[in-house]
Amino acid sequence: MPDHNNLPVKLKGVGDSLWVTVDDSLPVDELKNALHKPFERLKQLAVNARIILDSGNNPVDGKLIEELGGYLKEQFHVGVVTGPPQKPKPEVRNKRTEELGSAWHSHQSEALIIAGRVRSGQKLQADKHLIIMGDLNPGAEAIAGGDIIVLGSLMGTAIAGQPDNEGAIIMALDFRPTQVQIGGLAAAGSAGFGGSGKTPEFAMIENNKIVVMDYAAANPFKRFAWPEVR
Amino acid sequence: MDGKVVVVTSGKGGVGKTTVTSSLGAALALQGKRVAVVDMDIGLRNLDVIMGLENRIVFNVVDVVQGRCKLKQAMIKDRRINNLYLIPASQSDEKNVIQPENMKWLCNRLKKEFDFTLLDCPAGIEQGFKNSIEAADEAIVVCMPEISSVRDADRVIGLLYSRSITPKLVVNRIIPKMVEKGDMLSHKDVVEVLSIDLIGLVEMDESVVVSSNTGLPIVMQKESKAGRAFMQIAMRMNGHPDLPVEDPMAPKSFWKKLGGKISRKNKVH
Ligand SMILES: Nc1ncnc2c1ncn2[C@@H]1O[C@H](COP(=O)(O)OP(=O)(O)OP(=O)(O)O)[C@@H](O)[C@H]1O
Ligand SMILES: [Mg+2]
């Protein structure tokens, strides 16, 4: 027997998004109809709005998100449509609470942090991450098991993710390497003098190719749900 | 009183070590210092020719360290400039006949007699280079505004630092017209990468070639820009470290070049 206290759809503003609760026992077309009126009323407010679709089931059926999301995008030009954020399992929650409490305090850093200028013919090697506060000159080499981060000009050769960590990145405030390697892939840079005059950039592997992107624009880690030890 | 031993080095060949050594030797002597210049390029001696003293060589540096002659016998007095002496290299010996200990011994003796001992280092970073830096208190790195020269200078600077010698930089053979057009690195680009103290900027100058043929030191040629630059470097070495370095690009078009010659890709494959 249908619960008459339950409307087929409910809308609620949550933070910068619109939380839409739907009764997924109803057919999709009926839900679309039910969505039409409230969204019509929102008009401009709906445009580009971030929509969270919630059916009470966690996780929400992907098909349903696709159907209703598609409809809302087409009719009302809403922005991203997703299901509700997944609640982490209790053990994950506990771990996170612990991390914020104290666990990170005792974490042993595996990053090698070097300050200065690495010159032609010099070679730096780190088991895991390598951070250079300074410049890596043409003819110098930095090799790391993990990431390489240069807080200065990267002009030499940077070899990250050795031997086979294709998730490693190479980042520099001034990114103009002679060559970069990540895992088993290599890419040639262009030798240039004078600063790039641009913003910080980083290299990573995408579709089996090394690509270089603007770090601030791509912000590769912003979607992490939780600060992680790298 | 102990003088200073200064090695003139570059890594790359042909960038002007011998020119710098002979010119600074002449300049320092003209400024009243007692100066010895030593040709460390065993097997490829040059300094004697540049100074116009090749026909007076009887003994050389190898003879001295091997005890075949006294130090005095191998010192050739310059024809024009008082207090300037050359100790020539041997043309026939192998590079390895001199070892670092020999050079230390020799330079310790020269220091007693001369205010400045300048060592004209061979190209490369092998035995001759090692011998030269072993005995040196200070170093001048000569670099041309050219990528491969910068690369080698950088390598040499790293090796000097590893021996606790803090080098000073001379950028030689600058062609202002080319820098202006963006066809040559500017000395700013060079200094940015090498990041050591700049002690002089020397232009490409015909009088250098003239001088190597006539034997008249560049620093004695009144009209020579390079000559004037060398006189000023000598003054900086000789009690006037703060004498400003003249910029051959100034004032005409120095700023125009900034942001010039940069080519880069957004994606590298
Ligand atoms: N400022 C200058 N202007 C014009 N010509 C120059 C200048 N400096 C050097 N040269 C010329 O460049 C050539 C190489 O110079 P030099 O012999 O001093 O170099 P080097 O570093 O001693 O070479 P090597 O490594 O073979 O010993 C010479 O022909 C010299 O005349
Ligand atoms: Mg020479």
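Taking a 6.0 Å sphere around CD of A:Glu66, one finds it holds 12 or fewer heavy atoms contributed by other residues, nucleotides or ligands. In B:Lys104, the NZ atom is not crowded: 12 or fewer heavy atoms of neighbouring residues, nucleotides or ligands sit closer than 6.0 Å. Around CG of B:Asp137, the count of heavy atoms belonging to other residues, nucleotides or ligands within 6.0 Å exceeds 12. Counting non-hydrogen atoms of other residues, nucleotides and ligands closer than 6.0 Å to NZ of A:Lys32 gives a total above 12.
The two residues A:Ser153 and B:Glu192 come nearest to each other via the heavy atoms OG-OE2, 4.4 Å. Closest approach of A:Met155 and B:Val193 over heavy atoms only: SD-CG2, 4.1 Å.
In this structure, the separation between CG on B:Asp154 and CD on A:Gln122 is 7.5 Å, given to the nearest 0.5 Å. Here B:Ile157 contributes atom CD1 and A:Arg117 contributes atom CZ; the two are 9.0 Å apart, rounded to the nearest 0.5 Å.
Contacts with chain A were tallied for B:Gly11, B:Gly158, B:Ser195; B:Ser195 has the most, counting heavy-atom pairs under 4.5 Å.
Using modelled atom types, no side-chain atom of B:Arg151 and backbone atom of A:Asn137 make a donor-acceptor pair closer than 3.5 Å.
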